[in-house]
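Contents: one structure, followed by commentary.
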Amino acid sequence: MNDSFFISVLAGCWRWSVFLMFPLLVFGYVELTGMPLSEFDNGVNHHKWLLVSLYFLYVLLWWRLNRRVVSLIMRRKWR
């Protein structure tokens with residue numbers, strides 16, 4: 001198959017995962033803690049800081065993994 005297709009799929013997954021991960025984290029946190037979303041929105045800031053730090057951790061992890069996967073695909077292309 002064409003390697004540029006894989007690279008474009010990875011780039012698309014990256015863009016969509018970064019876009020959708022924060023709402024998914026909020027939804028998951030609200031569901032796991034049993035806290036209503038309105039209380040979370042008006043609540044204390046440590047909940048919000050925890051979610052923002054989890055989101056940034058996700059972005060850093062994906063950024064690191066995305067670079068490795070793209071480099072592996074590019075190396076395979078030159079074989």
### Message
For P23, is there any backbone N or O sitting under 3.5 Å from a side-chain donor or acceptor partner on Y55?
### Response
no
### Message
With heavy-atom distances below 4.5 Å as the criterion, would you say the side chains of Y29 and L54 are in contact?
### Response
no
### Query
Any chain of hydrophobic side-chain contacts (each under 4.5 Å) joining L50 to F27?
no
#### Entry: Cluster check W49, F56: I/L/V/M/F/W/Y, side chain < 4.5 angstrom
no
#### Entry: All side-chain contact (heavy atoms from CB on, under 4.5 Å) counterparts of V26, not counting sequence neighbours
F22, V30, L37, F40, L51
